[in-house]
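Sending over a structure as structure tokens; questions will come in a sec.
FYI, the numbering just counts along the sequence from 1.
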Amino acid sequence: MRKTRMFSKIAAMMLVAVMACCMVASAYGEYKSSTTSLYGNCEYLAHSTLYVDGGNQFRAGATVRTANGSYVGSGAISLMATLINASNGSVLAQTGEIPLPSRNYFHMVTTDPYWTTTSVAGLGWARVDGSQLMRLRETNASAYLRSANMAKQVSTLAESMLTEDGTYPVNTAGETYGSVLLADMVGEDPDLISATNQKGVDGYIRVTDVPTINPAVSTAAVQMIPLYDMNGNVIGSFELDIPEVDSTNTPNF
């Protein structure tokens, strides 16, 4: 009887250990958005990425590669990555615009790790062969399609942030403002994008303020862009992440 009880205890302990390992393993992941085709001198395939680095630590990323695997010259691709609070639609972390450092067929950029207990989404931006900077589709922990929870959050954001006709509100200077998570719903990006800076101050940033950072030059210096109120008045600053750049490992599309 004692042996049976002892075996049961050991079995129970092993089960708990296995469950704990599974829980830890599930805290890590890589989630990709649906692929966007971009066209310049050739066809490019691009997507946003959200990395879960364990617990409540996240990174947003952007990845582009040529569709046929052909190599392109340095600077042919430029990327930015944005981490967004899915609950209120504000940007939490943002990289500068990073050009492809050397001849290759793909390019990847990620933000610094960011710790938060709120639900988040990863959003990438891409520029190919001198095109305009293009926003890619965001991704969350469900990948490809929005999770039911995020879809609900976006719907709630739309109700509170958009006008009755489903557009972004306009400030006194004629500029639109709001969350970039609503851009697909509205059909355009806002001029002023909702953001929360590192001091917890809510405001807005402009994509046009984000500088191009040459990865061949040290990026150790802190890069700042203005933080605005809804009318475009500067109320503070927003610190850009020092991006992680990878153009050496083959992406898994």
Q | Where S34 and H47 come nearest, the two heavy atoms and their spacing | A |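 Heavy atoms only, the tightest pair is O-CB, 4.0 Å.
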Q) Can a cation-pi geometry be assigned to R59 and Y51, taking NZ or CZ under 6.0 Å from the six-membered ring centre and within 45° of the ring axis? A)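 Checked: cation-pi criterion met.
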Q: Can you measure from CG (L157) to CE (M185) and round to the nearest 0.5 angstrom?
A: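 Interatomic distance, L157 CG to M185 CE, rounded to 0.5 Å: 8.5 Å.
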Q: Please report the shortest heavy-atom distance between P211 and L240, naming the atom on each side.
A: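 Looking at all heavy atoms of both residues, the closest pair is CD-CD1, 3.4 Å.
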**Q.** Single-linkage hydrophobic cluster, 4.5 Å side-chain cutoff, V201 and F238 together
**A.**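 Yes, it is one cluster - the side chains of V201 and F238 are joined through contacts under 4.5 Å.
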Q: Taking H107 for its side chain and I98 for its backbone only, find out whether a donor-acceptor pair lies under 3.5 Å.
A: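 Looks like yes, one N/O pair under 3.5 Å.
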Q | Considering all heavy atoms, the nearest V64-A126 contact | A |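 Result for this residue pair: CG2-CB, 3.9 Å.
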Q: Identify whether Y204 and I225 are in the same connected component of the hydrophobic contact network (ILVMFWY, side-chain heavy atoms under 4.5 Å).
A: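 In one cluster: no.
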Q) Who are the side-chain hydrogen bond (donor to acceptor under 3.5 Å, both in side chains) partners of D202, not counting sequence neighbours? A)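 Here the qualifying residues are T196.
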Q. Taking the side chain from T176 and the backbone from D191, do they hold a donor-acceptor pair closer than 3.5 Å?
A.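 Present.
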Q. In Å, rounded to the nearest 0.5 Å, how long is the span from CG of N88 to CD of Q153?
A.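 One finds 9.5 Å between CG of N88 and CD of Q153.
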Q.
Between Y168 and A183 (side chain of the first, backbone of the second, donor and acceptor by atom type, cut-off under 3.5 Å), is there such a pair?
A.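 Yes, the answer is positive, given that a donor and an acceptor are paired below the 3.5 Å cut-off.
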**Q.** Atom pair CD (E138) and CG (D184), whose distance is rounded to the nearest 0.5 Å
**A.**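 It is 6.5 Å, given to the nearest 0.5 Å.
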Q) Residues two or more places apart in sequence or in another chain: which of them pass side-chain hydrogen bond (donor to acceptor under 3.5 Å, both in side chains) with S131? A)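 None.
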Q | Pairs satisfying salt bridge (charged side-chain N to carboxylate O under 4.0 Å, His left out), at least one member in residues 121-132, at least two apart | A |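 Matches after skipping sequence neighbours: E97-R127.
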(Q) Between D241 and D112 (side chain of the first, backbone of the second, donor and acceptor by atom type, cut-off under 3.5 Å), is there such a pair? (A)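 At least one qualifying donor-acceptor pair exists.
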Q) When you measure from the side chain of N68 to the backbone N and O of S70, does any donor-acceptor pair fall under 3.5 Å? A)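 Yes, because the side chain of N68 sits within donor-acceptor range (under 3.5 Å) of the backbone of S70.
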Q | Single-linkage hydrophobic cluster V180~Y177, side-chain heavy atoms < 4.5 angstrom | A |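 No, no single cluster joins them.
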Q.
Return the OG1 to CG distance between T167 and L182, rounded to the nearest 0.5 Å.
A.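 Between T167 OG1 and L182 CG, I get 11.5 Å after rounding to 0.5 Å.
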(Q) Using a 3.5 Å distance criterion without hydrogens, assess whether the side chain of T111 forms a donor-acceptor pair with backbone atoms of A81. (A)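 Judged by distance alone, no pair lies under 3.5 Å.
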Q) Counting N and O atoms only, with roles assigned by atom type, does the side chain of N171 sit under 3.5 Å from a partner on the main chain of M230, one being a donor and the other an acceptor? A)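 Yes.
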Q. Are side-chain heavy atoms of T116 and N85 found at a separation under 4.5 Å?
A.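 With C-beta onward as the side chain, the pair stays apart.
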Q. Where the side chain of T156 meets the backbone of K152, is there a donor-acceptor pair that is under 3.5 Å apart?
A.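 Present.
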**Q.** Closest heavy-atom pair and its distance - D209, P226
**A.**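 Minimum heavy-atom contact is OD2-CD, 3.8 Å.
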**Q.** Interatomic spacing from OG1 in T118 to CD1 in I84 - rounded to 0.5 Å
**A.**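 It is 12.0 Å, given to the nearest 0.5 Å.
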Q: Any chance you could measure L227, atom CG, to N233, atom CG, to the nearest 0.5 Å?
A: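 Reported value, rounded in 0.5 Å steps: 11.5 Å.
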Q: List for me each residue that meets side-chain hydrogen bond (donor to acceptor under 3.5 Å, both in side chains) alongside T82, sequence neighbours excluded, and say none if there are none.
A: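 For T82 the side-chain hydrogen bond (donor to acceptor under 3.5 Å, both in side chains) partners, ignoring immediate neighbours, are Q94, W125.
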Q. Can you check whether G124's main-chain N or O pairs, donor with acceptor, with S48's side chain at less than 3.5 Å?
A.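 A pair under 3.5 Å: yes.
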Q | Cluster check Y39, M134: I/L/V/M/F/W/Y, side chain < 4.5 angstrom | A |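 Each belongs to a different hydrophobic cluster.
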**Q.** Results of side-chain hydrogen bond (donor to acceptor under 3.5 Å, both in side chains) for S37 - residues two or more places apart only
**A.**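 E43.
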Q) Between Y71 and T66, is there a donor-acceptor pair closer than 3.5 Å when you use the side chain of the first and the backbone of the second? A)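 No; judged by distance alone, with no hydrogens or angles, the pair does not exist.
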Q: Could you list all the salt bridge (charged side-chain N to carboxylate O under 4.0 Å, His left out) pairs where at least one residue sits in residues 172-181, not counting sequence neighbours?
A: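 As it turns out, the salt bridge (charged side-chain N to carboxylate O under 4.0 Å, His left out) pairs with a partner in residues 172-181, which skip direct neighbours, are E175-R206.
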**Q.** Contact summary for G232 and L192, nearest pair of heavy atoms
**A.**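 The pair with the smallest heavy-atom distance is N-CD1, 4.1 Å.
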Q. Same cluster or not: are L92 and V52 linked, directly or through other Ile, Leu, Val, Met, Phe, Trp or Tyr residues, by side-chain heavy atoms under 4.5 angstrom apart?
A.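 Hydrophobic grouping puts L92 with V52.
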